[in-house]
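Before any comments, here is the structure.
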Amino acid sequence: MLSRKSSNWLLNVPSQSEATTSVNLQSTEVGSITHTSSDDNIATPQDGIDHIDNDRSSSRAENIDMTASMVSHSRSLASLRPVMSSNFQNESDHIDDSLEFDLMRSLNESIYSTDGAISKPFMINEMPQIFDKNSNEDITKNFFIFTSAGKPVYSMYENDKFSASYIGLLTSIISFFQTSNEDNIKTFTSKESNITFVFCNKDPIFYVAMSRCRDESRDELEAQLHFLHSFVLSTLTSKQLTKLFQKRDNFDLRSHLESTDFETLSEICSNFTDKLYPEFSLNSLQCLKLKKPIRAKIHSIMSSQLNKMEDFPRGTLLYSFIIASNNRLCNVLRPKSHTLHPVDLQILFLVIATQFHNLESDKELWIPICFPKFNSNGYLYCYIRTIMNPGDKSSSKFFGHPPVLVAISGQKDAFFKMKSYCDELMVKLTRNNEIIRELRTSILQPYSITDIPAPLVHHFIFKSSKHIQFTMPQLSTSASEPEQRALYERKLKFYYKSLQNSIAQEIASQSNKSLVNFVQWSEPAKSNSEETTDHDSFIEEPVNMLGMVWCSPRFELLLLFNNGIVTRKQALSSARRIVRWGVSNESSLFINEGATF
């Protein structure tokens, strides 16, 4: 029996000054793993989708030219006075000339910041120091969504008293660059507060990320903003957004968003900030580990049920999924010629989790949703319900998280057809006791790190490049309090992000080779002075741990070893064992083709 050291080292958050070393090793052959690349299953976005509104672009250009013309040919106060004086007298004849002159002088000073006639408006050329060093120090990261007119749409901290001020200032900064006829601002860092701001212009909507985290690059933050935009497009298509803002530039987008949309936005931002969310960083989906014969039986039932639906016109059902708790994919029914993009499926999973959070588990939903990577200008329609035993009105057998059955159609009026298909499919699945038993076991008892023959490993993530799916053991922590578990997830997130960043440049330049890299973290023990007991003060365990990342055209492996002394030779040995385990259990860890029609 291989022993593993249990420790609470992951709860010790290292400081920014912790010692970190990195050694790069390149290997073209490790163990007996052959390197093959297959991207046949990678979904491609639909061709022919035009995201640019030429009319709106030309109109915007005309407005900019008009503004430039007005600035360069600004009239003096003497030329403006007769026109404004005439209008003023027509509306208020009882005001005398002296009062009118004082008002005109005040108006001139408020516009030009001077009491004389000048040829163009006054504008500063330096960015003001608007971010206080001590403001909002407890917020390490925030996201803002607002329109081009400065109308707020969403902020991660809605109750934060600084949110409205930030949005107003960010709108001014964007306008400053646009008025100066320069390129759109991408990013800047406030030296006083060490806050990085990243901008994403999706006119008529702007997305801004504010981060104090030093381990996040601009590209990472920008990718997160693009994901937020994809979710907004899932609720309102690109065509709808264009129409809404063509009619009125200061349109309030919040009136077209539901409360569940804001909940999903908050969940996405929380995943980016506090939770371990490998789906985004790996651009893949987590798959439920399920025995190959059970998964094959479910796929066979899904296909046979579709074939028996005689009243189904071709193309009525596009996709069908079974999704377990924690956004783990169980089964897929899809056309032979196409698969959905991982981003589209991630959005679908997040929407389902949010929608069912406030509903009874035996309810059913009919949701229009736009998949931006599939077609950003149109909706697909999703029928969603849980899989439960007949007569079982509670989800106690799945501890509140029964698997979800999803059927997707391109027809708006196909609700009853989708419902009929799912009802019949659910009856067949729930009557098969073996399928329900194995599903329940896989969902409630996921595999742990002790089930893998790899010594000294604390946690790992294994991604199959061919399937665009990943697997990982359940989190092994003794933390029972939500705050401690959240801290544990943030710590894992930090370590895995550091491993990925350590080889980011090498992957971009050597995509067809295997890369192995080690990262060492160390920090001395800390005394907790707040603990007052009869004994000595509580001493946190020192951090001295090793991480490893191994990338090849066939797989990606991220490894975290137990706290303590682990040599690179031992790390490589454990890594080879995990790779062999992943390859040999590929049929149960990942979905190969699914059920196709």
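This structure is a prediction, so every number in the text was calculated from the model and none was measured. Throughout, residue positions are numbered sequentially from 1 according to the sequence presented.
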Going through the checks in order, is the side chain to side chain contact (heavy atoms under 4.5 Å, CB included) test met by F199 and K186?
-> CA-CA 5 Å; F199 297 76; K186 297 294 185 181; 5.9 Å; no
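- The OG atom of S320 lies 9.0 Å from the CG atom of N331; values are rounded to the nearest 0.5 Å.
- Side-chain contact between L340 and F374: present, with at least one pair of heavy atoms (C-beta onward) separated by less than 4.5 Å.
- With hydrogens and angles left out, the side-chain atoms of Y383 and E364 include a donor and acceptor closer than 3.5 Å.
- S211 and T196 share no donor-acceptor pair across their side chains, judged by distance under 3.5 Å alone.
- T264 and T354 form a side-chain donor-acceptor contact under 3.5 Å, judged by distance and modelled atom types alone.
- Between the side chain of H341 and the main chain of V343, a donor-acceptor pair closer than 3.5 Å is present.
- Contact annotation: the side chain of N142 approaches that of F144 to within less than 4.5 Å [non-hydrogen atoms, C-beta and beyond].
- Y379 contributes a side-chain N or O that, together with a main-chain N or O of T235, makes up a donor-acceptor pair within less than 3.5 Å.
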For Y154 and S266, what are the C-alpha separation, side-chain angles and deciding distance, and is it a side-chain hydrogen bond (donor to acceptor under 3.5 Å, both in side chains)?
-> CA-CA 9 Å; Y154 172 81; S266 297; 3.1 Å; yes
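- Within the 4.5 Å cutoff, the side chain of L253 has heavy atoms near those of the L236 side chain.
- A donor-acceptor contact shorter than 3.5 Å is absent between the side chain of T237 and the backbone of L233.
- Between Y495 and H459, the distance from one ring center to the other does not fall under 6.0 angstrom.
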In residues 225-232, what donor-acceptor pairs under 3.5 Å come from side-chain atoms, sequence neighbours left out?
from : atom 1 : to   : atom 2 : distance (Å)
H229 : ND1    : Y207 : OH     : 2.8
S230 : OG     : H226 : O      : 3.1

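- I369 has its side chain out of reach of D344: every pair of non-hydrogen atoms, C-beta onward, lies at least 4.5 Å apart.
- The distance from atom CZ of F197 to atom CD1 of I185, rounded to the nearest 0.5 Å, is 10.0 Å.
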With side chain to side chain contact (heavy atoms under 4.5 Å, CB included) as the test, would you mind laying out the steps for L350 and I268 before giving the verdict?
-> CA-CA 8 Å; L350 290 168; I268 294 173; 3.6 Å; yes
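- Distance alone, capped at 3.5 Å, is enough to place a donor-acceptor pair between the D261 side chain and the E258 backbone.
- The closest side-chain donor-acceptor pair between S409 and Y319, if any, does not fall under 3.5 angstrom.
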Pair V404-R385, side chain to side chain contact (heavy atoms under 4.5 Å, CB included): steps then yes or no = CA-CA 6 Å; V404 175; R385 64 166 304 162; over 6 Å; no
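- Inter-residue side-chain proximity for I387 and I322 is flagged as met; some heavy-atom pair is nearer than 4.5 Å.
- Here the closest non-hydrogen pair linking L558 and Q500 is CD1-CG, 4.1 Å.
- Atoms CD and CD, from E489 and Q484 in turn, are 13.0 Å apart once rounded to the nearest 0.5 Å.
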Without placing hydrogens or testing angles, list every side-chain donor-acceptor pair under 3.5 Å for residues 270-280, not counting sequence neighbours.
from : atom 1 : to   : atom 2 : distance (Å)
N271 : ND2    : E267 : O      : 3.3
T273 : OG1    : C269 : O      : 2.8
K275 : NZ     : E267 : OE2    : 3.1

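- Between the side chain of N375 and the backbone N or O of N377 there is at least one donor-acceptor pair closer than 3.5 Å.
- Between L282 and E556, the shortest heavy-atom contact is CD2-OE1, 3.8 Å.
- Once rounded to the nearest 0.5 Å, the distance linking CE of M418 with SG of C382 reads 10.5 Å.
- Considering CZ of F371 and CG of L318, their distance stands at 9.5 Å, rounded to 0.5 Å.
- A donor-acceptor pair under 3.5 Å is formed between the side chain of R328 and the backbone N or O of S325.
- A search for salt bridge (Lys or Arg N to Asp or Glu O under 4.0 Å) contacts involving K141 returns E216, not counting sequence neighbours.
- Between K463 and N283, the shortest heavy-atom contact is NZ-O, 4.4 Å.
- For the atom pair CD1 of I205 and OG1 of T147, the computed distance is 8.0 Å after rounding to the nearest 0.5 Å.
- Within the 4.5 Å cutoff, no side-chain heavy atoms of H338 are placed close to those of R334.
- Counting heavy atoms from C-beta on, the side chains of P204 and S148 come closer than 4.5 Å.
- With no hydrogens or angles considered, no side-chain donor-acceptor pair links Y488 and E483 at under 3.5 Å.
- The shortest non-hydrogen separation linking P473 to F460 is CD-O, 3.3 Å.
- The shortest side-chain heavy-atom distance between I367 and I384 falls under the 4.5 Å cut-off.
- Annotation for L288 and S442: closest pair CD1-O, 3.6 Å, computed over non-hydrogen atoms.
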Evaluate the side chain to side chain contact (heavy atoms under 4.5 Å, CB included) criterion for residues L405 and F321: first the C-alpha distance (whole Å), next the side-chain angles of each, then the deciding distance (0.1 Å), finally the verdict.
-> CA-CA 6 Å; L405 177 60; F321 304 97; over 6 Å; no
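- Between I591 and C330, the closest heavy-atom pair is CD1-O, 3.2 Å.
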